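Keep in mind the model is a prediction, meaning the values are calculated, not measured. Atoms within a ligand are numbered from 1 in the order they appear, just like the ligands themselves. Heavy-atom basis, side chains included; hydrogens, waters and symmetry copies ignored.
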Amino acid sequence: MDSKSKALNTPELKALAEEIEVLKKEKNAVIMAHYYQRDEVQAIADFIGDSLALARMAEKTDAKVIVMCGVHFMGETAKILCPDRTVLIPDASAGCSLADSCDPVEFEKFVSQHSDHTVISYVNTSAAVKALTDIVVTSGNARKIVESLPEDEKIIFGPDHNLGEYINSVTGRSMLLWNGACHVHDRFSLQAIIDMKKEHPGAKVLVHPECRRPLQLIADKVGSTAALLDFARSDSAKEYIVVTESGILFEMRRECPEKTFLPAPAEDSECQCNECDFMKMITLRKVRDCLRDGYPEIKVDPEIAAKAVRPIERMLELS
Ligand code: 13P
Ligand code: SF4
């Protein structure tokens with residue numbers, strides 16, 4: 001059975017997938033999904049990618065309607081890049097704890113206290129924070145963009161502290177870091193990975209840079225979701241411990257069916273979950289409903305969008 005049939009494994013899911021196919025043509029819509037989406041949502045998407053690829057794809061698509069199966073900031077980025085398109089998100093309350101860890105009012109104060117600094121913000125931010133930013137980055141291009149700036153350039157990096165520490169360590173810069181974090185990546189446990197390595201000594205460890213520094217240090221590969229996937233595709237190991245949101249396993253297993261991918265558990269014993277509850281709010285039923293109803297739609301204040309588009313375009317030019 002192929003991965004799409006495995007994901008659409010009930011009569012209800014199959015029927016929803018068929019309805020979505022018809023509605024998509026009727027509305028001239030494209031469905032984009034992040035790698036952390038539920039398997040069945042990835043299975044019906046026209047395009048699956050990391051946040052950089054989703055931004056690039058949104059910029060290029062001719063479709064009238066973009067259905068963003070991801071979290072709110074991904075929909076906002078698409079809307080800012082394509083103001084003339086309708087951007088729908090199947091659940092408008094699919095937020096992001098990392099984006100929420102950077103309040104625009106507080107961030108503006110921080111930026112104004114360091115007015116001689118260039119402001120780099122991770123794409124996991126609200127449009128209001130992007131509007132205060134000089135260059136947006138994703139985990140897929142942060143290193144390249146930071147390295148493209150003069151060595152003595154003073155830089156503020158926000159909101160993800162772990163990603164900032166990683167970029168500082170690989171570039172030798174001393175960027176000033178905002179103290180934000182993602183609740184999913186920040187709770188992976190070093191001890192759990194060490195225990196897993198004892199049971200699977202040949203397994204390579206793949207770590208997203210939003211994880212804490214000790215996990216980055218024991219990784220065979222640190223990278224964005226797309227970079228981890230590329231590594232797994234081209235590497236010769238047979239087994240991998242995957243230290244990021246477990247939705248990525250769908251694409252890893254689809255592309256490398258001969259390899260074994262083991263999801264890493266979270267630290268908190270109350271919550272062993274390595275899933276992003278915001279990403280998992282998007283269901284196939286909600287995708288069908290939003291296509292059918294043209295709602296919920298992403299709207300961005302035009303004044304904020306006009307400021308936020310510049311740093312996003314700068315990212316796309318530099319990466
Ligand atoms: P990527 O940029 O790797 O897609 O990550 C986005 C994200 O939300 C990670 O938690
Ligand atoms: Fe945000 Fe973390 Fe979910 Fe990514 S995994 S969307 S950073 S809350």
Quick one: do the [X] and [Y] side chains pair a donor with an acceptor below 3.5 Å?
| X | Y | result |
| --- | --- | --- |
| Y36 | T244 | yes |
| D100 | S97 | no |
| D134 | T118 | no |

Considering only the protein, which heavy-atom contact is closest to [atom], and what is its distance?
| atom | result |
| --- | --- |
| atom 2 (Fe) of ligand 2 | C182 SG, 2.3 Å |
| atom 1 (P) of ligand 1 | S51 OG, 3.4 Å |
| atom 1 (Fe) of ligand 2 | C96 SG, 2.4 Å |
| atom 9 (C) of ligand 1 | E210 OE2, 3.0 Å |
| atom 4 (O) of ligand 1 | H34 NE2, 2.6 Å |
| atom 5 (O) of ligand 1 | H208 NE2, 3.4 Å |
| atom 7 (S) of ligand 2 | N124 ND2, 3.2 Å |

Worksheet item: For the residue pair H114 and H117, does the interplanar ring angle fall in the parallel (under 30°), tilted (30 to 60°) or perpendicular (over 60°) class?
Response: perpendicular

(request) Report yes if some N/O of T138 lies less than 3.5 Å from some N/O of ligand 1; otherwise report no. (result) no

Consider every N or O of S224 and every N or O of ligand 1, then say whether any pair is closer than 3.5 Å.
no

Any N, O or S atom of C276 closer than 2.8 Å to atom 3 (Fe) of ligand 2: yes

Open item on the list: Under a 3.5 Å distance rule, please check whether Q216 uses its side chain to pair with a backbone N or O of N162 as donor and acceptor.
Closed with: yes

Is there a donor-acceptor contact under 3.5 Å from the side chain of E165 to the main chain of L177?
-> no

Just to check, does [X] reach to within less than 4.0 Å of ligand 1 when the distance is taken from its heavy atoms?
| X | result |
| --- | --- |
| E245 | no |
| Y36 | yes |
| S139 | yes |

Do V71 and M74 come within less than 4.5 Å of each other through their side chains, counting heavy atoms only? yes

task = Determine whether more than 12 heavy atoms belonging to other residues, nucleotides or ligands lie under 6.0 Å from atom NZ of K307.
result = no

Which of the ligand 2 atoms, numbered from 1, are nearer than 4.0 Å to a heavy atom of [X]:
| X | answer |
| --- | --- |
| H183 | 8 (S) |
| E210 | 7 (S) |
| S97 | 8 (S) |

Between [X] and [Y], which heavy-atom pair has the shortest distance, and what is it?
| X | Y | value |
| --- | --- | --- |
| V287 | I31 | CG1-CD1, 4.1 Å |
| K27 | V65 | O-CG2, 3.7 Å |
| A203 | I241 | CB-CG1, 3.9 Å |

Checking heavy-atom distances from atom 7 (C) of ligand 1 to each of I248, N124, L229, L163, the winner is N124

